[in-house]
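The block underneath contains the structure these notes are about, expressed in structure tokens.
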Amino acid sequence: MTDSFTQICDLADFEDKEVTLAGWLYNSRASGKIQFLILRDGTGLCQCVVEKGPVGDELFEQLKHLAQESSLTVTGTVRADQRSVGGYELAVTDAKVISPADGYPITPKSHGIDFLLKHRHLHLRSQHQWCIGKIRHTVIDAIRRFFNDNGFILIDTPIITATAGEEVQTLFEVDYFGEPLHLAQTGQLYVEAAAMSFGKVYCFGPTFRAEKSKTRRHLTEFWMVEPEIAFINLEGLLELAENFVAFIAAQVLQNNKNELGTLGVDVATLKKIKPPFYRLTYTETVNILTGQKTKDFLAGQLKGLHQEKQQLENKIGELEKQQAGQIKQWQKDKIAAELIELRAVLAETNTRIENNPKHAKLAAEFQWGKDLGGSDETIISQMHDKPVFVTHYPKQAKAFYMKTDGDNEEVVLNFDLLAPAGFGEIIGGSIREDDYDLLVARINEQNLDIENYNWYLDLRKYGSVPHGGFGLGVERTIAWLTDQKHIRQCIPFPRMMDKVYI
RNA sequence: UCCCCGAUAGCUCAACUGGUAGAGCGAGCGGCUGUUAACCGCUAGGUUGUAGGUUCGAGUCCUACUCGGGGAGCCA
């Protein structure tokens with residue numbers, strides 16, 4: 001059936017020819033004797049120009065009253081026109097309504113986030129979510145391609161698991177025929193086993209964490225890719241990670257120019273994502289956080305925020321004055337919409353002003369040995385224009401499986417990758433402890449039940465080798481690359497703490 | 001779990017210190033031959049989240065609850 005219809009993305013090949021498009025009415029504007037129907041077919045948007053002459057009065061009237069998101073086929077001649085979205089438009093000769101969509105709830109005007117999440121099944125049709133969906137596809141394709149082309153074997157790890165990879169409190173429990181098991185929060189332990197078979201492997205799938213985290217960077221169900229490599233050291237891992245992330249960014253730049261443009265993403269910042277990334281040790285990071293540089297940086301930022309606030313308030317005051325004056329109704333409406341926008345930005349600026357001193361205090365009083373907090377990561381991330389590796393965290397702050405640094409018993413051979421401009425962590429990884437006795441000691445130190453790790457310990461009993469890997473959060477990566485405020489926009493059907501909409 | 005903010009028409013928001021609930025979008029009708037979240041005119045649309053309280057009078061003040069947003073801790 002698809003064959004008989006032309007796709008909007010291919011219109012350039014059909015200039016001056018007659019085609020039939022099949023899709024949904026995205027928006028329409030009608031004048032007395034001419035109508036502009038914006039049709040979307042999943043591959044793009046096309047302006048269809050309907051004139052009374054060629055289509056006749058009856059069809060003209062029917063189309064005039066057609067609701068947004070009604071499905072239809074449209075036949076006409078393709079012609080180039082700069083005034084049209086996509087550069088081509090259709091001079092309509094015929095159209096058939098497949099199914100009307102009266103009362104479609106999402107209008108072209110603004111909506112609140114709660115409303116949109118409740119209507120996510122329909123909101124997926126919007127330009128914004130469509131662009132993100134296309135980019136998500138590119139990111140996932142790039143992930144698989146990168147590993148497949150570099151000799152990695154895909155290993156599917158189980159979703160229902162018995163062993164814990166991370167903190168026990170963050171597990172979702174499953175009643176497995178009466179036995180309490182839980183949903184996987186990482187495939188790492190399994191992928192380590194597979195690395196001893198194939199050398200280089202990766203797993204890629206959904207991950208579940210029952211974290212009580214209500215932030216713009218958290219989902220309870222998210223997608224993570226975890227490569228694991230035998231015979232690798234920390235520097236090797238860092239190189240792999242930076243090449244990997246740079247490859248994803250390059251693929252998005254190459255394949256999603258239009259989508260990035262529609263979303264208003266600054267392409268120049270994406271072009272900067274090239275190796276080598278910055279490298280800091282945890283200790284260097286702590287010194288930066290507690291030092292003058294951070295103090296100055298945050299003070300400068302606060303000053304900038306106050307200026308921003310002042311400018312916003314001036315602008316709002318000005319608009320309010322204009323609004324009270326004698327102007328046309330439509331101008332008032334435009335100002336009202338602008339005011340809503342500005343007030344939202346102002347509220348956000350106020351929050352940042354409020355948080356700035358707290359963050360400054362946390363950073364200044366940071367004690368060596370603690371894990372970096374969200375605000376600390378944000379500060380480091382904001383100071384850089386490219387991703388930053390932070391390596392060699394204190395042993396006590398990190399998971400039992402991370403290998404102790406031979407040169408410094410206090411720290412482990414691990415790293416986090418922080419995306420720049422304040423976005424924060426997108427990767428966490430480490431070299432794994434490969435010595436049987438040391439691993440047992442670490443399990444006991446952290447009061448974990450050693451019974452649960454018998455099979456994992458076998459990997460150290462039978463031909464153990466140095467190995468390591470990392471996990472990259474897909475939604476966080478997409479949110480960073482597309483400059484989204486909240487990662488819930490970056491998965492089709494988000495699951496958040498205490499809230500699953502549809 | 002803690003802190004802050006919010007809930008008014010289908011949607012997005014107004015309503016100065018308590019005094020008759022408004023506008024745009026969407027819907028319906030009409031007008032307009034090149035529109036770009038088109039525009040112009042008319043019409044319909046409300047027990048102001050729930051339950052109490054203060055008051056001559058509550059959308060506005062107080063208490064509790066429900067739901068939502070933002071932030072913190074923790075993380076990819």
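First the proteins, then the strands, lettered A, B, ... as listed; each starts at 1.
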Practice task
Give a yes or no on whether a donor-acceptor pair under 3.5 Å exists between the nucleobase atoms of B:rC74, that is its base, and the side chain of A:R217.
Solution key: no
Fill in the blank from the handout: Side-chain contact check for A:H65: nearest option of B:rG70, B:rC29, B:rG69 is B:rC29
Problem - Residue A:H359, side-chain heavy atoms: nucleotide from B:rA76, B:rC32, B:rA72 that is nearest - result: B:rA72
Problem - Centroid-centroid distance, A:Y282 to A:H392, less than 6.0 Å - result: no
Completion exercise
Encoded 5' to 3' (Watson-Crick or G-U under 3.5 Å; [ ] crossing; | other strand), RNA chain B becomes (((((((..((((.....[..)))).(((((.......))))).....(((((..]....))))))))))))....
Exercise for the section: Output yes when at least one side-chain N/O atom of A:R29 is less than 4.0 Å from OP1 or OP2 of B:rA38, else no. Expected result: yes
Exercise for the section: Tell me which nucleotide among B:rU36, B:rA76, B:rU33 gets nearest to the side chain of A:E51. Expected result: B:rU33
Problem - Below 4.0 Å: OP1/OP2 of B:rC74 and any side-chain N or O of A:R209 - result: no
Practice task
Using heavy atoms and a sub-4.0 Å distance, could you list which residues of residues 77-84 of chain A are near RNA chain B? By number, please.
Solution key: A:R79, A:D81, A:R83
Practice task
Assess A:K370 against A:F366: is NZ or CZ under 6.0 Å from the centre of the six-membered ring, and within 45 degrees of the ring's axis?
Solution key: yes
Practice task
Give a yes/no verdict on a cation-pi contact between A:K398 and A:Y393, requiring under 6.0 Å between NZ or CZ and the six-membered ring centre and an angle within 45° of the axis.
Solution key: yes
What N/O pairs connect the protein and nucleotides 9-11 of chain B at under 3.5 Å? Give each pair on its own line.
from	atom 1	to	atom 2	distance (Å)
B:rC11	O2'	A:S110	O	3.4
B:rC11	O2'	A:H111	ND1	2.5

Problem - Closest to the A:E425 side chain, choosing from B:rG34, B:rG69, B:rA76 - result: B:rA76
Exercise for the section: Would you please classify the geometry between the A:F244 ring and the A:F147 ring as parallel, tilted or perpendicular, with 30° and 60° separating the classes? Expected result: tilted
Practice task
Using a cut-off of strictly less than 4.0 Å, decide whether A:N27 has a side-chain nitrogen or oxygen near OP1 or OP2 of B:rA38.
Solution key: yes
Handout entry: B:rU35 base / A:Q35 side chain donor-acceptor hit below 3.5 Å
Key = no
Problem - Candidate nucleotides B:rG71, B:rG73, B:rU35, ranked by approach to the side chain of A:L362 - the nearest - result: B:rG73
